[in-house]
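Remember, it's a predicted structure, so these values are computed and weren't measured experimentally.
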Amino acid sequence: MHTISHRLGWLLCALTVLAGCATNPVTGEKELKLVSEGQELQIGTQNYAPMQQTEGGPYDLDPELVAYVRGVGNRLAAVSDRPLPYEFAVINNSIPNAWALPGGKIAINRGLLTELRSESELAAVLAHEIVHAAAGHSAQAMQRGMLLQGAIIATAVAANDSDYANIAVAGANIAAQLISQRYGREAELESDEYGMRYMSRAGFDPQGAVDLQETFVRLNEGQRTDWLSGLFASHPPSHERVAANRQTASTLPPGGDPGRERFGAAMQRTLAAKPAYDAYDKGRRALAERQPRVALAEADKALGLEPREAHFHALRGDARFLQKDYARAIASYDAALSHRDNFFYYHLQRGLARERMRDDAGAKRDLENSIKLLPTGPAHFALGNIAARNRQYDVAKKHYQIAASSQGELGLSAQTSLLRLDLPDNPERYLQKRAGLDGEGQLVVQIGNPTKVPVTEIRLGVRFVDAGGRVREMVRELQGKLSGGQTSQIPTGLGPFTDARQFQVVILSARVAE
């Protein structure tokens, strides 16, 4: 396998004149390299904090556990074949998952930590992610996209956590794609093998990687939905990986203490809080099903067990928000922010509640604070509404334009609001036109509406040279409504013409069909 990869790497380098060619620091294989190390570092640095926001924010309820995880990660990073500015974060998310961004920015969810049973299993997870970063697997995925699409790499943030999936705004969504992509078979086997080598070098028991994969296979066969939506989505387990890990373990020096007691001691506080997070997760599911009373009951249960967790206060606020009890929702968001003021969601939700109560100054302050942590469609849309109410139309247009990139109902609402303000003055920015002659030389204009918003009162200006050589101007209007995604023809009744240079057509005005 390595011989074929070696030859293929040299072949790609020979065929790709403009591309770089490099030796992979982990495997020693020659490979095509379109993404420079500087770009990898930049992408990781720029996206690490926003990606943590989209996944639930940093886990800070148990700082001793976070320090322990970082200590294990740093021991492994110290023996990596590629020196990078490695960082390790614990994310406040119950979905069992772990991920790595280019440049060595690594995260593990609270939900995965509670499923592990030993320090060696934790080391196996982190070592695996270190290899993904060190071997440039994410960068290689980016290269495949560049080769297939001719894309220019741009950094962006987007959410993929169930609570925040459709609210972050960005262009290319590269960071979210990198942590949610399904790694190829070779990349997974490579990360398992070299990760076990790192474990051995750092003094961890590599048998932990075997135990971990055996557990993963059992969970995968049991179709546990939380695992399927988490780690298994990007790191699919298999019997092949278990067998490969056993083979690798047989070639390494015998491991030492698997660290079950050390891991158990480090996890004690977080495991004690697990029933509270279970109640919180039930509450969030109830909220998604629009059952605010159930969500409130679960929030109260969670807060009774762990009153310092800001997520639980925010759940109570979200339930009250759904009940349109905005004043009490704001009080709950105040409580959340008193415990944790560096998570975008609490600022966002309090800003939205204040906007509902027409507290424009307070809402604007909260929404702008949320955007500093993570730009989102709801924040920009609400800021657009506030600006429009205060006749700051240019400001409103900018916010609506950003929010219009969102998916679903929010994006459509933002696009409608944007068009309502801007379409009458700049119709050609949104509508398409194509003018031509029919079989009798009469001028026909086709109007297209590529937006999702219905438009009416479309007026055309036609400037043409008549048979006597005089320049004339006429106005024609499309009757009725032009729905989003549709086209229509306007027979102008002008002509006959023999040359397209005899006329010019512009869209003079239009408005959103209410």
Between Q53 (side chain) and N342 (backbone), is there a donor-acceptor pair under 3.5 Å? yes

Does any part of the side chain of R320, heavy atoms only, come nearer than 4.5 Å to the side chain of P292, both counted from C-beta? no

Below 4.5 Å, heavy atoms only, C-beta onward: do L367 and L348 meet side chain to side chain? yes

Can a side-chain donor-acceptor contact be found between D422 and Y393 if the only test is distance below 3.5 angstrom? no

Y346-H311 side chain donor-acceptor pair, cut-off 3.5 Å: yes

Does either side chain, that of E188 or that of H128, offer a donor lying less than 3.5 Å from an acceptor on the other one? yes

Between N369 (side chain only) and R365 (backbone N and O only), is there a donor and an acceptor less than 3.5 Å apart? yes

Angle class for the Y59/Y277 ring planes (parallel below 30°, perpendicular above 60°, tilted otherwise)? perpendicular

Lys/Arg-Asp/Glu bridge criterion (N-O < 4.0 Å) met for D278, K274: yes

May I ask you to decide if the ring planes of F321 and Y326 are parallel, tilted or perpendicular, using 30° and 60° as cut-offs? perpendicular

Do the ring planes of Y68 and F263 sit parallel (below 30°), tilted (30 to 60°) or perpendicular (above 60°)? tilted

Value rounded to 0.5 Å, distance of CZ in R110 from CG in L113: 9.5 Å

Main-chain N/O of A202 paired with R75 side-chain donor or acceptor, under 3.5 Å: yes

Are any of the side-chain nitrogens in R389 or E355 under 4.0 Å away from the carboxylate oxygens of its partner? yes

Can a side-chain donor-acceptor contact be found between D318 and Y345 if the only test is distance below 3.5 angstrom? yes

Do Q207 and V210 have side chains that approach each other closer than 4.5 Å (heavy atoms only, starting at C-beta)? yes

